[in-house]
2 protein chains.
Amino acid sequence: MNRPKILIAGAGFGGLTAASALAHEPVEVVVLDRLNHHLFQPLLYQVATAALSPAQIAQPIRHILRHAKNITVAMAEIVGVEPASNRIITRDRSYPYDYLILATGSRHFYFGHPEWEPLAPGLKSIDDALEIRRRLLFAFEEAEKTDDPAIRAAALTFVVIGGGPTGVEMAGAIGEIARYTMVRDFRRIDPSQARIVLLEAAPRILPALAETLSAKASAKLRQLGVEVRTGTKVSNVRTDGVEIDEAFIPSRTVLWTAGNAASPLGKMLGTETDRVGRVWVSPDLTPPGRPNIFVIGDLANFSHQTGSPLPGVSPVAMQQARHAVRNILAKIDGRPTAPFHYFDKGTMATIGRRAAVADIRGLRFNGFLAWLAWLFVHLIFLVGFRNRVLVFLEWTWSYFNFYRGARLITGTPPHTQ
Amino acid sequence: MNRPKILIAGAGFGGLTAASALAHEPVEVVVLDRLNHHLFQPLLYQVATAALSPAQIAQPIRHILRHAKNITVAMAEIVGVEPASNRIITRDRSYPYDYLILATGSRHFYFGHPEWEPLAPGLKSIDDALEIRRRLLFAFEEAEKTDDPAIRAAALTFVVIGGGPTGVEMAGAIGEIARYTMVRDFRRIDPSQARIVLLEAAPRILPALAETLSAKASAKLRQLGVEVRTGTKVSNVRTDGVEIDEAFIPSRTVLWTAGNAASPLGKMLGTETDRVGRVWVSPDLTPPGRPNIFVIGDLANFSHQTGSPLPGVSPVAMQQARHAVRNILAKIDGRPTAPFHYFDKGTMATIGRRAAVADIRGLRFNGFLAWLAWLFVHLIFLVGFRNRVLVFLEWTWSYFNFYRGARLITGTPPHTQ
């Protein structure tokens with residue numbers, strides 16, 4: 001008897017959780033991902049800011065799943081979904097499925113300005129993080145070399161667009177690098193004079209958190225020398241800086257954490273998608289009329305619980321993954337599927353070396369205690385014992401030394417672009 | 001009174017040693033390097049084979065030299081040397097000097113076949129190592145995906161050209177990855193069936209070591225499944241494999257460790273260079289007629305001691321660096337310079353997880369003891385306490401688990417080239 005074939009597209013938090021839940025079940029599973037590794041994305045900003053190495057927050061997918069003999073992993077870029085024939089198309093070949101879990105997530109979205117992407121890179125993959133690290137570190141090198149005060153000022157100005165958790169974490173980390181890490185290493189510039197600007201179009205940063213926590217986060221960022229400008233819309237990104245409203249900020253380093261668009265695969269299901277390309281799903285996580293396709297994580301618009309889409313965070317993706325697996329196993333057994341309910345455990349964001357804000361089911365706290373909670377949660381969920389030990393050592397070391405171990409400029413230098 | 005300006009071009013083992021020797025002396029020092037980091041090159045093959053992360057074997061040059069207030073570091077690509085006007089030209093500006101230490105090393109040399117470079121990358125920089133890691137890991141992914149036995153066999157065939165220490169270390173490490181690290185992670189291929197071929201044109205591998213040690217190294221490589229083919233000349237490198245003499249080895253992954261050519265800056269001194277571009281230097285390390293230029297390391301041809309050029313290894317570069325500094329300080333003080341003498345402490349090469357060969361001033365040994373000596377020497381000389389601790393932990397962990405922590409495929413996948 002042939003066992004049901006389940007195809008998982010994407011090995012982020014959603015896809016990997018689904019695969020783990022299917023390990024050792026009487027089904028055949030194929031996991032497809034464009035890359036060979038699963039990435040612990042909440043710590044990606046630490047790679048971008050030279051605190052951690054890529055290998056400390058990423059592991060080969062096939063290594064994580066090596067004990068599940070019913071799971072095959074293939075590194076392949078998916079170019080098409082054919083719901084009519086139950087097939088996924090990759091560059092090399094096609095894969096048939098009985099059930100599909102679509103978990104291909106999202107990419108940056110530049111609000112109709114794709115030409116901004118090379119000027120203001122976003123932070124989704126290891127390659128993105130290395131590109132940002134290269135630009136950050138190179139900016140200090142440029143400032144040290146030049147004799148022109150205008151070029152120096154632009155090289156020492158860092159603009160982060162988007163005041164969500166990633167933007168806040170990036171701006172805080174850049175503030176710390178400039179104030180503490182770089183300070184003794186240069187002769188001709190004073191890195192602590194760097195200007196860091198965090199731009200947010202909404203009236204406050206961290207809009208998903210309570211207002212009191214937004215205010216605490218802003219205050220902490222200002223302590224680190226970050227200019228927090230809310231209610232500020234970017235009208236243009238240029239090679240030499242950022243235009244906001246009627247003003248211009250000269251800057252050589254602009255980072256983008258403002259918008260996400262869903263993976264283009266969502267549109268290939270032939271069902272309805274929302275304005276950023278997310279697939280509208282029914283309460284059981286299938287799009288209407290596609291009973292053997294489950295869409296989870298950033299790619300799904302699940303609005304049945306609160307009336308608005310669930311946020312694009314890992315707990316949503318992981319809970320949906322487990323739920324999709326339960327529903328698939330129910331269908332295989334001829335049982336009815338159940339509607340999904342998200343259990344919100346809370347949100348946190350860290351700001352620099354020993355401050356954070358957290359909202360755990362209405363319990364709001366900030367400062368050192370919140371930072372310890374952040375540290376604990378992120379270490380616990382980091383895949384792999386070895387990585388946890390090494391990351392803990394890096395953190396301990398840099399906590400006492402303000403040292404950032406991965407300050408390497410690799411790849412093509414930014415000025416050759 | 002103006003203090004003498006000393007310019008150091010290149011921050012490899014030679015340049016960095018010279019800079020350290022000049023710290024706190026009454027001179028002004030500028031260190032120029034194309035990259036922002038000093039690289040511990042003897043462990044680069046461990047990055048290429050996914051055992052270590054780049055940041056574990058590299059550190060920012062300006063961070064290493066941060067305590068020496070008389071030293072300025074600039075990240076700049078040198079495009080010219082003008083001995084007549086005592087200037088170094090970079091892309092952005094020029095730097096005057098009173099004394100120049102030229103230590104820009106060597107690059108790969110393809111014996112008049114530059115078209116082989118993209119097909120068979122060499123191993124000199126972090127970027128080279130990441131390119132090789134990408135190709136190695138991607139080859140296993142390709143083999144797992146394909147249904148064509150010929151493509152699978154070519155994907156699982158790895159050819160290393162050049163039987164010096166780097167080639168031996170690379171071939172041994174690939175053998176280990178295939179036999180031990182990858183073995184449980186794949187479903188459709190058996191990575192331990194990988195074919196690894198080490199090609200050497202000379203009659204034996206490791207020609208710098210005694211014949212008995214060459215033989216031991218060959219035997220150990222064969223135990224790891226490596227085909228050692230000596231006396232074999234490569235006649236062509238193609239996208240689909242390597243032509244040797246009258247035969248053809250189909251392979252998707254070819255690595256080059258066979259030849260070096262000196263940095264092109266050597267030719268700009270207007271003095272004589274040898275067949276691979278090395279500068280002939282007098283006994284005091286200056287080229288004839290250039291009394292304020294010292295050429296050291298891989299870029300120098302120093303043949304006064306043994307009648308043939310000293311080998312391109314780090315102890316030569318470091319001893320020459322300290323000697324050049326002594327001679328410069330002597331000149332500044334109006335004292336005579338002294339001729340250089342190389343003190344050869346020995347040579348070693350490691351082959352896989354617990355074997356090595358070593359020749360320490362005629363004392364030849366191999367096996368586990370040689371491997372421990374190799375480990376000890378490499379840890380001791382690794383720059384930075386933090387890196388030593390982390391590298392030791394990685395080694396201990398992988399020694400007991402056969403695990404390689406940095407198995408990430410990043411950057412542009414090889415098939416898009």
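A, B, ... follow the sequence lines: proteins, then strands. Residue 1 opens every chain.
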Colleague: Could you tell me whether the side chain of A:Arg188 and the main chain of B:Thr72 form a donor-acceptor pair under 3.5 Å?
Modeller: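 No.
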
Colleague: Quick one: side-chain hydrogen bond (donor to acceptor under 3.5 Å, both in side chains) partners of B:Asn70, sequence neighbours excluded?
Modeller: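 side-chain hydrogen bond (donor to acceptor under 3.5 Å, both in side chains) check on B:Asn70 returns nothing, list empty.
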
Colleague: Which one wins on heavy-atom pair count under 4.5 Å against chain B: A:Ala76, A:Pro60, A:Pro54?
Modeller: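 Most pairs with chain B among the choices: A:Pro60.
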
Colleague: Between B:Arg184 (side chain only) and A:His67 (backbone N and O only), is there a donor and an acceptor less than 3.5 Å apart?
Modeller: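 Judged by distance alone, no pair lies under 3.5 Å.
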
Colleague: Checking heavy atoms, do the side chain of B:Leu65, its backbone, both or neither come under 4.5 Å from chain A?
Modeller: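 Looking at B:Leu65, just its backbone touches chain A.
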
Colleague: Please check: side-chain N/O of B:Asp92 versus main-chain N/O of A:Thr146, any donor-acceptor pairing under 3.5 Å?
Modeller: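 Such a contact is absent between B:Asp92 side chain and A:Thr146 backbone.
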
Colleague: How many angstroms lie between atom CZ of A:Arg93 and atom CG of B:Asp147, to the nearest 0.5 angstrom?
Modeller: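 Here the interatomic distance stands at 4.5 Å.
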
Colleague: Please find the pair of heavy atoms, one from A:Ala58 and one from B:Leu408, that lie closest to each other, and give the distance.
Modeller: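 It is CB-CD2, 3.7 Å.
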
Colleague: Contact part of A:Ile71 toward chain B, heavy-atom cut-off under 4.5 Å: side chain, backbone, both or neither?
Modeller: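 For A:Ile71, the backbone is the part near chain B, not the side chain.
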
Colleague: Among B:His63, B:Glu77, B:His37, which residue forms the greatest number of heavy-atom pairs with chain A at distances under 4.5 Å?
Modeller: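 Top count of heavy-atom pairs under 4.5 Å with chain A: B:His63.
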
Colleague: Please look at A:Phe140 and chain B and tell me whether the side chain, the backbone, both or neither of the residue comes under 4.5 angstrom of a heavy atom of that chain.
Modeller: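 Contact with chain B is absent: no heavy atom of A:Phe140 under 4.5 Å.
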
Colleague: For A:Arg66, does the CZ atom have more than 12 heavy-atom neighbours from other residues, nucleotides or ligands under 6.0 Å away?
Modeller: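 For A:Arg66, atom CZ is crowded (more than 12 foreign heavy atoms under 6.0 Å).
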
Colleague: Got B:Arg407 and A:Gln59 here, is their nearest side-chain heavy-atom distance under 4.5 Å?
Modeller: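 They are not in contact (no side-chain heavy atoms under 4.5 Å apart), so the answer is no.
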
Colleague: Spell out, as yes or no, whether a donor-acceptor pair under 3.5 Å connects the side chain of B:Arg62 to the backbone of A:Asp185.
Modeller: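 Looks like yes, one N/O pair under 3.5 Å.
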
Colleague: Within this structure, what is the CD-CD distance for the pair A:Gln56 and B:Gln56, rounded to the nearest 0.5 Å?
Modeller: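 One gets 7.0 Å once the value is rounded to the nearest 0.5 Å.
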
Colleague: Per the salt bridge (charged side-chain N to carboxylate O under 4.0 Å, His left out) rule, what does the pair list look like for residues 22-33 of chain A, sequence neighbours excluded?
Modeller: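 Listed once each, the pairs are A:Lys5-A:Glu28.
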
Colleague: Roughly how far, to the nearest 0.5 Å, is the CD1 atom of B:Ile409 from the CD1 atom of A:Ile126?
Modeller: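 So the gap between those two atoms works out to 12.5 Å.
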
Colleague: Do the side chains of A:Val73 and B:Glu144 get nearer than 4.5 Å, heavy atoms only?
Modeller: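 The answer is no, as the side chains (C-beta and beyond) never meet within the 4.5 Å cut-off.
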
Colleague: Which distance, rounded to the nearest 0.5 Å, do you find between the NZ of B:Lys145 and the CG of A:Leu32?
Modeller: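 Between atom NZ of B:Lys145 and atom CG of A:Leu32 there are 9.0 Å.
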
Colleague: Do other residues, nucleotides or ligands put more than 12 heavy atoms under 6.0 Å from B:Arg107 CZ?
Modeller: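 Count over threshold, so yes.
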
Colleague: Are A:Arg187 and B:Lys69 close enough, and set up right, to give a side chain to side chain contact (heavy atoms under 4.5 Å, CB included), and what steps lead you there?
Modeller: CA-CA 8 Å; A:Arg187 296 288 175 265; B:Lys69 297 297 176 201; 4.0 Å; yes

Colleague: Looking at A:Ala68, A:Ala50, A:Ser125, A:Ala74, which makes the most heavy-atom pairs under 4.5 Å with chain B?
Modeller: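 Most pairs with chain B among the choices: A:Ala68.
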
